[in-house]
Protein chains: 2
Amino acid sequence: MGRWEPDARDRLVRAALDLFSEQGYENTAVAQIAERAGLTKSTYFRHFRDKREVLFGGQDEILELLAGGIAGAPASAGALVAVEAALVAIAVTFTEERRANGPRRLAVIASNDELRERDALKMTGFAAAMVDALKRRGVSELGAEVAAELGVLALRRAYSRWLEAGGDFAEVARRALEEVSATAAALERAE
Amino acid sequence: MGRWEPDARDRLVRAALDLFSEQGYENTAVAQIAERAGLTKSTYFRHFRDKREVLFGGQDEILELLAGGIAGAPASAGALVAVEAALVAIAVTFTEERRANGPRRLAVIASNDELRERDALKMTGFAAAMVDALKRRGVSELGAEVAAELGVLALRRAYSRWLEAGGDFAEVARRALEEVSATAAALERAE
DNA sequence: TCAAGTGATGGGACTTGGTCTCATCAACCG
DNA sequence: CGGTTGATGAGACCAAGTCCCATCACTTGA
């Protein structure tokens with residue numbers, strides 16, 4: 001396999017996921033990932049900033065979609081409705097290919113602390129993007145933080161359910177947010 | 001400074017915080033931290049599992065206190081009241097010394113992605129500990145997750161306020177949780 | 001047709017985080 | 001006083017990540 005084979009980045013992602021699944025994250029060297037993809041370590045680090053990032057690609061796009069979903073919600077919408085719009089907006093990124101690799105990817109992440117750290121930071125990033133967009137709509141700092149945290153919780157639950165059962169992600173996310181916010185409201189009365 | 005000087009761990013923490021503040025986290029090598037503490041790299045890694053952890057010591061104790069606070073709450077208490085008990089339970093760890101170093105520590109963490117990752121994972125750990133303890137009380141999975149996330153949000157806000165204004169952490173945390181949960185309840189009506 | 005330019009890649013030196021093993025030394029103990 | 005224990009020092013070693021420069025495929029313009 002010579003130079004200029006297309007889709008170097010995709011090949012790296014597939015090679016990494018395969019190797020991590022086969023032999024574990026810690027037992028896989030970056031050079032090995034690159035080799036399986038027909039590339040070298042140098043090229044790997046041109047595409048991904050570190051060993052972890054190969055499992056978390058495309059999340060910048062999600063940040064933009066979340067912010068855009070909130071900004072584009074009707075002016076009359078409250079914070080939670082805007083968060084719902086954000087979750088619906090990212091549905092386009094939940095493709096069949098992503099669903100096919102989802103379980104393996106989740107298993108790898110769960111197996112390693114470094115990867116769970118990266119995942120936690122990504123979720124923090126999602127929340128921060130929503131907080132920022134909500135505040136631009138005039139939502140209070142606290143209101144934005146609460147709504148965003150509930151949104152991230154709903155997103156996590158929706159993702160896990162979508163991996164299991166499939167279907168339209170937007171619909172799954174809507175139901176998850178509904179559940180989460182209803183639960184949050186019910187917590188109040190239960191003292 | 002020979003062997004057997006006491007408080008090796010504390011010396012490492014202080015040296016690390018000083019060096020990180022003076023010259024930045026990335027520009028500081030573990031060997032340099034150890035040297036300033038009168039120790040070697042080997043000894044550093046006996047006390048902390050990696051370069052980051054020196055900034056996050058004592059959080060295992062917090063996990064136990066959180067779980068214990070929830071387990072020890074009155075049987076009649078709802079999920080949010082149990083979470084309040086958890087936040088009150090960790091107040092003993094918020095000492096004056098910790099408050100003195102808090103701002104520098106936060107500044108260092110904010111300056112670096114690796115450290116923000118570790119921080120995010122620690123918060124996830126707090127939430128997981130509370131979810132676990134809440135479920136043992138019979139709270140539903142979803143109810144536990146929502147209550148725990150709101151609890152972590154309140155904890156973050158309380159910490160930041162306590163660093164600024166001081167006072168009894170338990171009281172600050174109680175007020176923060178009150179605000180957060182009231183805001184969560186108010187979100188529902190605002191559609 | 002060919003020479004210059006461009007962008008992705010290869011290759012290797014280098015630093016540092018982190019692991020591992022073994023030697024060393026201080027304190028404690030019988 | 002000799003043996004044990006526990007923390008430390010010392011150094012080899014590997015992999016992650018950075019950096020610099022050479023190389024090659026392809027494009028462009030004369």
Side-chain angles (χ1 to χ4, degrees), chain A residues 1-57 108-109 111-119 121-122, chain B residues 1-57 108-109 111-119 121-122:
Chain A
M1 188 176 306
R3 292 181 172 189
W4 299 112
E5 293 288 327
D7 303 321
R9 189 184 179 94
D10 282 355
R11 292 206 314 274
L12 285 168
V13 170
R14 274 192 292 271
L17 190 53
D18 287 347
L19 287 167
F20 293 163
S21 297
E22 289 168 16
Q23 57 189 25
Y25 174 81
E26 286 104 339
N27 301 323
T28 303
V30 169
Q32 195 182 2
I33 301 170
E35 185 188 11
R36 179 168 295 200
L39 298 166
T40 62
K41 201 180 78 165
S42 296
T43 303
Y44 175 95
F45 283 109
R46 276 191 202 95
H47 287 278
F48 303 100
R49 65 182 161 98
D50 57 37
K51 183 177 172 185
R52 289 154 235 144
E53 197 63 14
V54 70
L55 288 171
F56 296 90
V108 172
I109 292 174
S111 77
N112 179 272
D113 266 354
E114 288 182 20
L115 296 173
R116 299 200 306 130
E117 284 188 349
R118 179 61 49 89
D119 191 57
L121 186 65
K122 293 289 183 182
Chain B
M1 188 178 307
R3 291 181 173 188
W4 300 114
E5 292 287 327
D7 304 321
R9 189 184 179 95
D10 282 355
R11 291 206 315 273
L12 286 167
V13 170
R14 274 192 293 272
L17 190 53
D18 287 346
L19 287 167
F20 292 163
S21 297
E22 288 169 16
Q23 58 189 23
Y25 174 79
E26 285 103 340
N27 301 322
T28 303
V30 170
Q32 196 182 1
I33 300 170
E35 186 189 9
R36 178 167 298 198
L39 298 166
T40 63
K41 200 180 78 165
S42 297
T43 304
Y44 176 95
F45 283 109
R46 277 192 200 94
H47 286 279
F48 303 100
R49 65 183 159 98
D50 57 36
K51 183 178 172 184
R52 289 156 233 140
E53 197 63 14
V54 69
L55 287 171
F56 296 90
V108 171
I109 292 174
S111 76
N112 179 271
D113 267 355
E114 288 182 19
L115 295 173
R116 299 201 305 129
E117 283 187 351
R118 179 59 51 88
D119 192 55
L121 187 65
K122 293 289 182 180

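Bear in mind the structure is a predicted one, so any value in this text is a computation, not a measurement. Chain A is the first sequence line, chain B the second, and so forth, proteins listed ahead of strands; every chain is numbered from 1. These numbers come from the heavy atoms of this one structure, side chains and all, not from hydrogens, waters or symmetry mates.
- The only member of B:N112, B:D50, B:L55 that meets side-chain contact (heavy atoms from CB on, under 4.5 Å) when paired with B:R118 is B:D50.
- When each of D:dA10, D:dA15, C:dT9 is scored by its nearest atom to the side-chain atoms of A:R46, the top-ranked nucleotide is C:dT9.
- In this structure, the nucleotide among C:dG18, C:dG11, D:dA15 sitting nearest to the side chain of A:T40 is C:dG11.
- In this structure, B:K51 satisfies the cation-pi test against B:Y25, with its NZ or CZ atom closer than 6.0 Å to the six-membered ring centre and inside 45 degrees of the ring normal.
- Residue A:S42 places its side chain closer to C:dG11 than to any other of D:dT8, C:dG11, D:dG11.
- Judged by closest nucleotide on DNA chain D, B:H47 is the one of B:H47 and A:A29 placed further toward the 5' end.
- With C:dG10, D:dA16, C:dG17 as the candidates, the nucleotide lying closest to the side chain of A:V30 is D:dA16.
- Counting to the nearest Å, the C1' atom of C:dG18 and the CD1 atom of B:I33 are 13 Å from each other.
- Remark: the A:K41 side chain and the D:dG17 base include a donor-acceptor N/O pair separated by less than 3.5 Å.
- The distance from atom CZ of B:R52 to atom C1' of C:dG17 is 9 Å, rounded to the nearest whole Å.
- Across all strands, A:T43 comes closer than 4.0 Å only to sugar-phosphate atoms, never to a base (heavy-atom distances).
- A:L19 pairs in a side-chain contact (heavy atoms from CB on, under 4.5 Å) with only one of the listed residues (A:R14, A:R36, A:E35), which is A:R36.
- A distance-only check finds no donor-acceptor pair linking the side chain of A:D119 to the backbone of A:L115 [under 3.5 Å].
- Rounded to an integer number of Å, the gap from A:F45 CZ to D:dC20 C1' is 16 Å.
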